[in-house]
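Being a predicted model, the structure only gives us computed values, none of them experimental.
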Amino acid sequence: MDKTELKNIIMKVPVWDTHTHLDISKSVSSKNIWDIAHYFWFERELQAAGYPVNAPELPEDIRIREFLKAFEKTSNTYWAWTVRRIFRDLFDMEITDEDSVRELNRKLAETSSDPEWPVKVCEKINITRISMDAHKKCKDIPCLGFRPHVIPACNIGIIDAVDRISQADDQLATAEQVKKEFDEKISCFHNQGHKVIRLEPAPKVDFPPKMAKQDVELAGNGNSRADITRFLWQCCFDKINEFGMNVQMFIGMFREFTGAVICTSLNDTGRIVNLHPLFAKYPNCQFQLVNAAELSNLDIVQAARLFPNVTPTGMWWFNYRASTFRQAMQYRLEALPSERSILITSDARQIEWCYGKIMFVKTLLADFLYEQISDGWLTEKTALKVAEDWLYNAAARLYGDCP
């Protein structure tokens, strides 16, 4: 089997995209080029090449010219490669001048109003299931042609709860009331049939939590904010573990909310090891770790070897690079059964970005597996099993046919 043949096979392997922001109450298709170009991480890349931060406020002609200048300057990056693949594969377009931008906008206006377009995009790269963070029960979505997998985003409200308890005249009574409210939130998701939730971190909160090795018990008044925080996370995971639910946790990011929102990766080398007490304490909870920090890639694999309730999942924002995918694939291949690792987490808001990011990963995966076969580490049969597990089967093993 040569590399081209392997790549063609992998492009047809089914995919479960385990985290998106597709909004089922709106069109999941891009309406214009700006829906694609202003996807957060690529927009920042354009800005690094001189694209104005206030581009949406500019007259359209000026905006297009500024985009073309920045787009040309990013031609060496892998994200720009992905955007060009979206334009070429889905719309048969090469962006070279103002007329080509306007022609692409014309095509996007047509596809965004085509109810069958999302299905066509999914079929082109064989996306067969998509996880969404919709806050509603699962139902068939005609524009996707299949039933989505809903992973509700659960904002526990840790900061407000800590403030409320620390300022209370009777901290113990208030803590018990907050615990009851947390239990009700999680129970509501469980009773609706959701086996997986996504815990939403809050600004400046240590998330996921550094759990104490012993249970934290609040004592009267005067409890520290750190102890109150640990107590509340403990209450949250006690209930999740009771139900045997799965949790998607997004790690490796630092967010600063002072004036402008600043987001960056955070290579905290103790981060995953500090979570070991959490993994050990709650064996009925499956922890799916979506990682934005390069230096956590190996530690997540080590944790999955130590704890059967830990699953390495996809890459997030700053970790969505060819170099880090190759690194993570090597770590996972050599140390974990392939059914214990999920590769696809597109984080996309439009179906075209689902396509582009999955095309990017499938291309890297085909090259990686071809090298493993050529070097004698894998047989062709095993390599294809790895692709099938990483792209679909591992997610199906965790989620099953659940809402």
Judged by atom type as modelled, is there a donor-acceptor pair below 3.5 Å linking the side chain of [X] to the main-chain atoms of [Y]?
{"X": "E380", "Y": "M1", "answer": "yes"}
{"X": "W79", "Y": "Y320", "answer": "yes"}
{"X": "T324", "Y": "N319", "answer": "yes"}
{"X": "T20", "Y": "D347", "answer": "no"}
{"X": "E352", "Y": "I36", "answer": "no"}
{"X": "T382", "Y": "L378", "answer": "no"}
{"X": "D375", "Y": "W377", "answer": "no"}
{"X": "T18", "Y": "W16", "answer": "no"}
{"X": "D17", "Y": "S346", "answer": "yes"}

Out of curiosity, [X] [atom1] to [Y] [atom2], how far, rounded to the nearest 0.5 Å?
{"X": "K12", "Y": "L391", "atom1": "NZ", "atom2": "CG", "answer": "15.0 Å"}
{"X": "I10", "Y": "N126", "atom1": "CD1", "atom2": "CG", "answer": "13.0 Å"}
{"X": "R349", "Y": "Y39", "atom1": "CZ", "atom2": "OH", "answer": "8.0 Å"}
{"X": "I33", "Y": "I95", "atom1": "CD1", "atom2": "CD1", "answer": "4.5 Å"}
{"X": "R84", "Y": "W81", "atom1": "CZ", "atom2": "CH2", "answer": "12.0 Å"}
{"X": "D183", "Y": "I240", "atom1": "CG", "atom2": "CD1", "answer": "10.5 Å"}

Taking NZ, NE, NH1 and NH2 as the nitrogens, is one of them in [X] or [Y] under 4.0 Å from a carboxylate oxygen of the other?
{"X": "R326", "Y": "D367", "answer": "no"}
{"X": "K180", "Y": "E176", "answer": "no"}
{"X": "E110", "Y": "K107", "answer": "no"}
{"X": "K120", "Y": "D114", "answer": "yes"}
{"X": "R340", "Y": "D389", "answer": "no"}
{"X": "K185", "Y": "E181", "answer": "no"}

If you apply the rule side chain to side chain contact (heavy atoms under 4.5 Å, CB included), what do you find for I300 with F287, and how did you get there?
CA-CA 11 Å; I300 289 172; F287 296 91; over 6 Å; no
Would you check, one step at a time, whether the test side chain to side chain contact (heavy atoms under 4.5 Å, CB included) holds for M329 with L369?
CA-CA 9 Å; M329 286 189 285; L369 291 176; over 6 Å; no
How about [atom1] on [X], more than 12 heavy atoms from neighbouring residues, nucleotides or ligands closer than 6.0 Å, or not?
{"X": "N54", "atom1": "CG", "answer": "yes"}
{"X": "F307", "atom1": "CZ", "answer": "yes"}
{"X": "K31", "atom1": "NZ", "answer": "no"}
{"X": "R397", "atom1": "CZ", "answer": "yes"}
{"X": "D169", "atom1": "CG", "answer": "no"}

Checking Q288, K195, R129 against Y399 for side-chain hydrogen bond (donor to acceptor under 3.5 Å, both in side chains), the one that qualifies is Q288
Which label fits H21 and H19: parallel for a plane angle under 30°, tilted from 30 to 60°, or perpendicular past 60°?
perpendicular
Which word best sums up how the rings of W353 and F42 line up, parallel for under 30°, tilted for 30 to 60°, or perpendicular for over 60°?
tilted
Could you work out, with side chain to side chain contact (heavy atoms under 4.5 Å, CB included) as the rule, every residue matching Q171, not counting sequence neighbours?
I165, N221, N223
Report the residues that fulfil side chain to side chain contact (heavy atoms under 4.5 Å, CB included) with K73, sequence neighbours left out, ordered by chain and then residue number.
A49
Considering all heavy atoms, the nearest [X]-[Y] contact:
{"X": "N32", "Y": "L108", "answer": "C-CD1, 3.3 Å"}
{"X": "T264", "Y": "M253", "answer": "O-SD, 3.4 Å"}
{"X": "A303", "Y": "I272", "answer": "CB-CG2, 3.9 Å"}
{"X": "V216", "Y": "D227", "answer": "CG1-O, 3.6 Å"}
{"X": "T111", "Y": "W117", "answer": "O-CB, 3.3 Å"}
{"X": "S100", "Y": "E94", "answer": "CB-O, 3.6 Å"}

Would you mind reporting whether [Y] and [X] have side-chain heavy atoms less than 4.5 Å apart?
{"X": "N191", "Y": "C188", "value": "no"}
{"X": "Y331", "Y": "E334", "value": "yes"}
{"X": "V310", "Y": "L289", "value": "yes"}
{"X": "R230", "Y": "Q234", "value": "no"}
{"X": "V386", "Y": "Q372", "value": "no"}
{"X": "N8", "Y": "T4", "value": "yes"}
{"X": "T345", "Y": "M315", "value": "no"}
{"X": "V28", "Y": "C354", "value": "no"}

Sort out for me which residue in F325, F250, F40 forms a ring pair (Phe, Tyr, Trp, His ring centres under 6.0 Å) with W316.
F250
Under 6.0 Å between the ring centres of Y51 and H38?
yes
Looking at [Y], does the NZ or CZ of [X] lie under 6.0 angstrom from its six-membered ring centre and within 45 degrees of the ring axis?
{"X": "R63", "Y": "W34", "answer": "yes"}
{"X": "R85", "Y": "Y355", "answer": "no"}
{"X": "K281", "Y": "F237", "answer": "no"}

So, [X] and [Y]: side-chain donor and acceptor under 3.5 Å apart, yes or no?
{"X": "E294", "Y": "S265", "answer": "no"}
{"X": "D238", "Y": "Y282", "answer": "yes"}
{"X": "D35", "Y": "Q350", "answer": "no"}
{"X": "T77", "Y": "E45", "answer": "yes"}
{"X": "R332", "Y": "S341", "answer": "yes"}

Do I159 and T229 pass the side chain to side chain contact (heavy atoms under 4.5 Å, CB included) test, and can you show the C-alpha distance, the side-chain angles, and the key distance before you say yes or no?
CA-CA 8 Å; I159 286 183; T229 301; over 6 Å; no
Apply side chain to side chain contact (heavy atoms under 4.5 Å, CB included) to the pair W390 and L333, showing each step before the final yes or no.
CA-CA 10 Å; W390 284 1; L333 182 77; 4.1 Å; yes
